[in-house]
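Numbering of residues begins at 1 and proceeds along the displayed sequence. All ligand and atom numbering here is 1-based and tracks the order in the structure.
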Amino acid sequence: MRDITKLPFDKVTVSPSILAADFGCLGADIKRVTEAGADLLHLDVMDGHFVPNLTMGPPLIKSIRQASELVFDTHLMISDPLTYSPIFIDAGADHITFHIEADSDPQAVIDEIKKHGATAGISVKPNTPAETIFPYLDQLAMVLVMTVEPGFGGQSFMLDMMPKVTAIREEIKRRGLQVHLQVDGGIAADTVEIAAKAGANMMVAGTSVFRNPGGAEKAITQLHEASKYL
Ligand code: DX5
Ligand code: ZN
């Protein structure tokens with residue numbers, strides 16, 4: 001069963017972002033990172049409105065659903081997650097992360113995602129404080145702290161997001177919850193240690209996995225090794 005809540009909380013897990021894959025042979029690229037040890041798969045959905053870029057939609061997700069048994073960790077960088085979440089779940093998304101800065105009412109989006117049988121996560125952009133997600137924390141399977149401005153792969157990791165990661169980790173601990181804490185943007189062998197030490201247990205990695213000159217297996221293994229810093 002593809003369920004993000006069944007993935008370990010006490011180890012670093014790796015969610016390769018297919019935004020850095022070769023879309024001309026996406027099925028083969030997904031197989032490559034799956035065999036290399038990916039724990040789940042990160043799907044970056046952009047609408048050209050919430051962020052200034054366009055990526056993939058439900059038909060693509062439906063196609064790759066046949067090629068993978070990994071949890072589809074779907075990151076909606078779109079303005080209207082309330083309307084579109086069920087459509088992505090129908091296409092094969094197991095987990096939906098939406099942005100607290102989007103136009104929809106967060107509680108309504110969480111309810112809609114759960115009603116359609118998926119797990120919910122909330123993401124915060126770099127300028128959004130940790131506290132904005134606290135009212136929803138006990139209903140979430142995951143919180144995503146962006147470590148770049150959302151919109152593009154291949155940007156540099158923002159070190160100054162680490163206090164936010166730690167503040168959310170502390171709140172998860174204080175309430176005794178099991179919630180994954182994900183970071184996304186610029187995660188690679190040289191930044192994963194600091195992210196894990198700050199309290200992140202789930203690493204999104206696009207460029208450093210799909211385009212690693214040393215190969216995806218080495219890249220994912222290096223990211224997994226940061227478990228020792230949790
Ligand atoms: C950025 C996306 C990220 C991005 C990560 O808006 O949400 O998932 O693809 O790419 P890298 O790992 O290359 O920074
Ligand atoms: Zn993402």
Please identify which atoms of ligand 1 are closer than 4.0 Å to at least one heavy atom of A205.
12 (O)
What's the shortest distance from atom 14 (O) of ligand 1 to any protein heavy atom, and which residue and atom give it?
G186 N, 2.8 Å
Here the pair of heavy atoms bringing I4 nearest to A141 is CG2-CB, 3.7 Å
With respect to I187, determine whether any N or O atom, backbone or side chain, lies less than 3.5 Å from an N or O atom of ligand 1.
no
Using the Zn ion (ligand 2) as the apex, give the angle to atoms OD2 (D184) and ND1 (H75), rounded to 10 degrees.
90°
Using the side chain to side chain donor-acceptor pair (under 3.5 Å) rule, pick out the option among D3, D73, T119 that qualifies with H95.
T119
With heavy atoms only and a cut-off of under 4.0 Å, state how S17 meets ligand 1: side chain, backbone, both or neither.
side chain
Numbering the atoms of ligand 1 from 1, which are under 4.0 Å from a heavy atom of M146?
7 (O)
Numbered in order shown, the ligand 1 atoms found under 4.0 Å of a heavy atom of M77 are 6 (O), 7 (O)
Starting from atom 10 (O) of ligand 1, find the nearest protein heavy-atom neighbour and note its residue, name and distance.
G153 CA, 3.6 Å
Short question: side chain of T83, backbone of D80 - any donor-acceptor pair under 3.5 Å?
no
Does the side chain of H116 pick up a donor-acceptor pair with the side chain of D90 at under 3.5 Å?
no
Please identify which atoms of ligand 1 are closer than 4.0 Å to at least one heavy atom of P150.
6 (O)
Write down the atom of V165, the atom of A200, and the distance for their closest heavy-atom approach.
CG1-N, 3.7 Å
Do me a favour and list the nearest non-hydrogen protein atom to atom 12 (O) of ligand 1 with residue, atom name and distance?
G206 N, 2.7 Å
Which residue supplies the protein heavy atom nearest to atom 1 (C) of ligand 1, what is that atom called, and how far is it?
F152 O, 3.6 Å
Within the distance-only criterion (no hydrogens, no angle test), does the side chain of S79 pair as donor or acceptor with the backbone N or O of D103 below 3.5 angstrom?
no
Is the Lys NZ or Arg CZ of K62 less than 6.0 Å from the centre of F88's six-membered ring, within 45° of the axis?
no
Under 4.0 Å from any heavy atom of H75, which atoms of ligand 1 are there?
7 (O)
NE2 (H42) to the Zn ion (ligand 2) to OD1 (D44), nearest 10°, is 90°
Applying side-chain contact (heavy atoms from CB on, under 4.5 Å), run through H99 and L76 and close with a yes or a no.
CA-CA 7 Å; H99 271 266; L76 297 185; over 6 Å; no
Heavy-atom nearest neighbour of atom 13 (O) of ligand 1 within options T207, V51, I18, T191:
T207
Atom OG1 of T13 and atom NE2 of H224: how far apart are they, to the nearest 0.5 Å?
6.5 Å
Could you pull out the closest heavy-atom pair between F210 and P16, with the gap in Å?
CE1-CB, 3.7 Å
Nearest non-hydrogen protein atom, atom 11 (P) of ligand 1:
G154 N, 3.7 Å
Does G151 have a heavy atom less than 4.0 Å from any atom of ligand 1?
yes
Do E101 and N127 have a side chain donor and acceptor closer than 3.5 Å?
no
Does even one non-hydrogen atom of A20 get within less than 4.0 Å of ligand 1?
no
To the nearest 0.1 Å, how far is atom 5 (C) of ligand 1 from its closest protein heavy atom, and which atom is that?
D184 OD1, 3.4 Å
